[in-house]
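Input: a single structure, listed below in structure tokens.
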Amino acid sequence: MIEDLKKLEVETQNDLESVTDKKTLEALKIKILGRKGLFASLAGRMGEVPAPDKPAAGQELNRVKRILEESFKEKEASFSAVSPETKSLDATMPGTFALPGGIHPLTQVTLDVTRIFERLGFAVVDGPEVETEYTNFEALNIPLDHPSRDSFDTFYLDNGKLLRSQTSTVQIRVMEKRKPPLKIIAPGKVYRPDATDATHSFMFHQIEGLMVDEGARFSDLKGILLAFANEFFGAGTKLRFRPHFFPFTEPSAEIDLWSPTRGWLEILGAGMVHPNVLRGVKIDPEKFTGFAFGMGVERVAMLKYGVEDIRMFFENDIRFLKQF
Ligand code: PHE
């Protein structure tokens, strides 16, 4: 048995020499010093040792145990130390990198757009996503029988409220609290129960703009949108104002952007704030006029970056996101 103990001592020392990581060391320790390890099984053979040899065997057992425990301790310490002397730190090894986060393309586009309007004197404001029928429809001059009020087109909640289907709600909230002159921009999420496809999502983002002042004119709206488009899409960008209908603006227009490869593409709805809307928030339409516009953030981002499918923005696929 003494022979076997010596053998275990030498072999373990050799094995320890070649261990280069904590995991292997841990496994070796269990194999040798564990409850069912090689040392324990040798110690279990004490019973077979003839009585006169027992003291010597016992001494050897204790000696080897102490030495092995010390050797393991030493090796463990060499792994936790980080000074170059211990050779556990190789400064030439490539490190492990934390993946740096980035700004989501929709957030980036929102920031870029709002910054341009801020420079034009618009203040950024926020509004709630859970809204009342009054703010989302009635105050915006949208009659009860208008198709957008249908439950196919708006998410109604059990408490009589709804998820706003447009950021135009923020026009109302601002005009209820503050009086002209007003120049605000309001980015945020909107919700519509559309079936999801390459160009539709049940949630998307809009940026609402509103200016109300004495003598605000349609030509001001045109100038501001053109200034925005030239800054955001590049100098020489062409816009087309196409007559349209919105209940809360009169006259109204849809605005298209010229793309050399794809032709005219719609990016905005806009118009002069309807007198009924102004009256509803106690602003005198004889004294003040205003214009408003609403832009689809996904639409603008898809145009600017050539993204073909709106779903890419929401799938959280890192291969897509890291391109921005
Ligand atoms: N709210 C309209 C929409 O969602 C866009 C719009 C905003 C139109 C402001 C006119 C004025 O389609």
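From a predicted model like this one, the values you see are computed outputs, not experimental measurements. All heavy atoms count here, side chains included; hydrogens, waters and symmetry mates do not. Just so you know, ligand 1 is whichever comes first in the structure, and atom 1 is the first atom listed for that ligand.
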Donor-acceptor list for residues 224-231 side chains, cut-off 3.5 Å, not counting sequence neighbours:
| from | atom 1 | to | atom 2 | distance (Å) |
| --- | --- | --- | --- | --- |
| Asn230 | OD1 | Gly236 | N | 2.7 |
| Asn230 | OD1 | Thr237 | N | 3.2 |
| Asn230 | ND2 | Leu226 | O | 2.9 |
| Glu231 | OE2 | Arg119 | NH2 | 2.3 |

If you look only at distance, which donor and acceptor atoms sit under 3.5 Å apart when one is on a side chain in residues 91-104 and the other is two or more places apart or in another chain?
| from | atom 1 | to | atom 2 | distance (Å) |
| --- | --- | --- | --- | --- |
| Thr92 | OG1 | Asp90 | OD1 | 2.6 |
| Thr92 | OG1 | Asp90 | OD2 | 3.3 |
| His104 | ND1 | Leu106 | N | 3.1 |
| His104 | NE2 | Phe313 | O | 2.8 |

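Checked against side-chain contact (heavy atoms from CB on, under 4.5 Å), Lys238 has the following partners two or more places apart in sequence or in another chain: Trp258, Trp264.
Closer than 4.0 angstrom to ligand 1 sit non-hydrogen atoms from Gln166, Ser168, Gln171, Arg192, Gln206, Glu208, Phe246, Phe248, Thr249, Gly269, Ala270, Ala292, Phe293, Gly294.
The closest side-chain heavy-atom distance from Thr167 to Ile207 is not below 4.5 Å.
By the 30° and 60° cut-offs, the orientation of the rings of Phe291 relative to Phe293 is parallel.
Residues Ser165 and Asn136 have side chains that bring a donor and an acceptor to within less than 3.5 angstrom of each other.
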